[in-house]
Structures are given as structure tokens and as C-alpha cells.
Amino acid sequence: MSLYVSLDFKKNGDDKLVTFSNTIYQHMSSDSKYTALMPFVDDIKAKNDAFIVGISNAAQGGTKLTETKNVCRKALVEILCKVTRRLEIMTEDNEDDTSIITDAGYEVRNTSVKSKVTVAGLKAPVLKAENDDDKSGCAKISWNAVAKAINYAIRYKKKSETAWQNGIYNDKKEYMFTHLEPDTVYEFQVAAQGPNGVMSDMSATVTIYVS
């Protein structure tokens, strides 16, 4: 099971976000196990310092100063998210050891919470589709097994349409559509789903004519 961490710091007020960022920097810059992340950790320091200046300037009032502060905040949150992803990757080989995340000041996310973040190493399936000439309105799709996947999400649409039809999940490696509109060209995609509900990228689109 891959690990995910809470990104609730996005909801923090400005002062609390500064405190959190300072804590992350002080801890990670003094611990050798984060050596590989030092360029990112140093970036946290630089963006946090810029954010502090932005907060101070915005306190003087004015729309432009407030906008500048918000730009600095966004940049800081983005680098914190990037470091979070790196920490998750660092735990892949030893998923039982969450200390590298929790010691850095992040919290491990409850496994029941779904995330749309792609799991490192969770690849998009390779999809195939075939028409069933003996059964009108039927099409069979199949795909390769993806490591770490526990389920697969399927979507489809008529080629002439823009909106995908979602909501089909299957833990097998194939699915049979039986109620498609005959004499119509359809498109299909499938994505792998990890243990926390996290999804891979969608597969390449497969297009077939349904008889």
C-alpha cells in the first residue's frame, strides 16, 4: 500500500503557514536523510522568506500588494506539495516506515481518503477493444494488469460526443459492453486505481465500430 500525506496546510492562515514552512525547513535541513531533497528544502526557505515580506507589505494596504502576497503564498504551497510528493516516493521501498514523513511535520493521510494524485509507479493500462460481430451493440475491452492496482475505472463515449460516460469499475482485466448503440463508433479508456482510490493516467484511447 502506498502512502499519502495530509496537505491540509493549504488551508492554514498566513501566519500558521509561515510557522509550518519554517518548521519543515529547520528540521529537514538538519537531518542527513533528507540530503537528496536539499535543493527543494532550500527553495522552501527562499519562498517562505519572500512570503513573509509579502505579508508585511500587504499589511500596508493596497490591492497590488495583497495580490503579490497571494502569489508568494501560492509559490510556497506549490513547493511544499512538491516536497510532499518526493517524500512519498522515498517511502515506496519501505512503506511501513512513515517516520520520514511524520518527522518532517506532515501527517499520514487516512487510507479511506481518496486522492487523485497519480501513484508513483502506477502506470496507465494498455487497452484493447474488439467488436462482437455476432451480437449487436456489444464490444469487449481488455487491458494488462498494472502493478499495485486493485481496481480499474472504465469510461466510454460515442466518437461524435465530447462528454465521457464514467462510473464503471472492474477488478478484472476485461469488460463486456452489451447495450451500446449499434452502427456507431465508440471510444474507450481505462485507468488503474490504487489502494487509496488514487488513479493512474487514463490509457490511450481505443476506437472501434460497434456493429
Checklist entry - Of all heavy-atom pairs between Cys72 and Phe51, which one has the smallest distance, and what is that distance? => result CB-CA, 3.8 Å

Checklist entry - Between Leu65 and Gln60, which heavy-atom pair has the shortest distance, and what is it? => result CD1-CB, 4.4 Å

Item to check | Result of checking Ile79, Val53, Asn22 against Asn48 for side chain to side chain contact (heavy atoms under 4.5 Å, CB included) | outcome: Asn22

Next on the checklist: Measuring only between side-chain heavy atoms, which start at C-beta, is Tyr209 closer than 4.5 Å to Asp183?
Outcome noted: yes

Checklist entry - Is the shortest heavy-atom distance from the side chain of Tyr156 to the side chain of Leu180 under 4.5 Å? => result yes

Next on the checklist: Using every non-hydrogen atom in the two residues, find where Lys173 and Asn144 come nearest and quote the distance to one decimal.
Outcome noted: CD-C, 4.2 Å

Item to check | Lys/Arg-Asp/Glu bridge criterion (N-O < 4.0 Å) met for Lys69, Asp14 | outcome: yes

Next on the checklist: So Glu78 and Lys47, do their side chains get closer than 4.5 Å, heavy atoms only?
Outcome noted: no

Item to check | Test log, rule side chain to side chain contact (heavy atoms under 4.5 Å, CB included), inputs Thr68 and Asn57 | outcome: CA-CA 9 Å; Thr68 299; Asn57 290 340; over 6 Å; no

Checklist entry - Is it true that Leu87 and Phe20 fall in one hydrophobic cluster, defined by side-chain heavy atoms closer than 4.5 Å? => result yes

Checklist entry - Going through the distances and angles, do Phe177 and Phe188 end up as a ring-ring contact (aromatic ring centres under 6.0 Å, His included)? => result CA-CA 11 Å; Phe177 289 88; Phe188 304 90; 5.1 Å; yes

Next on the checklist: Quick check on the hydrophobic clustering: are Met202 and Ile208 connected, directly or via other members, by side-chain heavy-atom contacts under 4.5 Å?
Outcome noted: no

Checklist entry - Taking Ser56 for the side chain and Ile52 for the main chain, is one N or O donor matched with an acceptor at less than 3.5 Å? => result no

Checklist entry - Under a 4.5 Å cut-off applied to non-hydrogen side-chain atoms, are Tyr34 and His27 in contact? => result yes

Checklist entry - Do Gln189 and Thr205 have side-chain N/O donor and acceptor atoms under 3.5 Å apart? => result yes

Next on the checklist: To check you understand the geometry: which heavy-atom pair defines the closest contact between Pro182 and Thr184, and what is its length?
Outcome noted: O-OG1, 3.0 Å

Item to check | Which atom of Asp201 lies closest to which atom of Ala124, heavy atoms considered | outcome: O-CB, 3.2 Å

Next on the checklist: So, taking the atom named CD in Gln165 and the one named CD in Glu187, what distance separates them when rounded to the nearest 0.5 Å?
Outcome noted: 12.5 Å

Item to check | Least distance between heavy atoms, Leu127 atom then Ser142 atom | outcome: CD1-O, 3.3 Å

Checklist entry - Do any N or O atoms from the side chain of Tyr186 and from the backbone of Glu181 form a donor-acceptor pair under 3.5 angstrom? => result yes

Next on the checklist: Using side-chain heavy atoms (C-beta onward) and a distance below 4.5 Å, is Ile55 in contact with Val18?
Outcome noted: yes

Checklist entry - Hey, does the side chain of Asp171 reach the backbone of Asn151 with a donor-acceptor pair shorter than 3.5 angstrom? => result no

Next on the checklist: Nearest 0.5 angstrom please: Cys81 SG to Arg86 CZ, how far?
Outcome noted: 13.5 Å

Checklist entry - Should we say atom NZ of Lys128 is surrounded by more than 12 heavy atoms from elsewhere, each under 6.0 Å from it? => result no

Next on the checklist: Just so I know, are the side chains of Ser203 and Trp143 near enough to count as touching, which here means a heavy-atom distance under 4.5 Å?
Outcome noted: no

Checklist entry - Ser29 versus Met38: any side-chain heavy-atom pair under 4.5 Å? => result yes

Checklist entry - Is any side-chain heavy atom of Leu80 closer than 4.5 Å to a side-chain heavy atom of Leu76? => result yes

Next on the checklist: Quick one, Leu17 with Val77, criterion side chain to side chain contact (heavy atoms under 4.5 Å, CB included). Give me CA distance, side-chain angles, the key distance, then yes/no.
Outcome noted: CA-CA 9 Å; Leu17 183 60; Val77 168; 4.0 Å; yes

Next on the checklist: Do Tyr152 and Ile168 land in one hydrophobic cluster if side-chain heavy atoms of ILVMFWY residues count as linked below 4.5 Å?
Outcome noted: yes

Item to check | From Lys135 atom NZ to Lys140 atom NZ, the distance as rounded to the nearest 0.5 Å | outcome: 10.5 Å

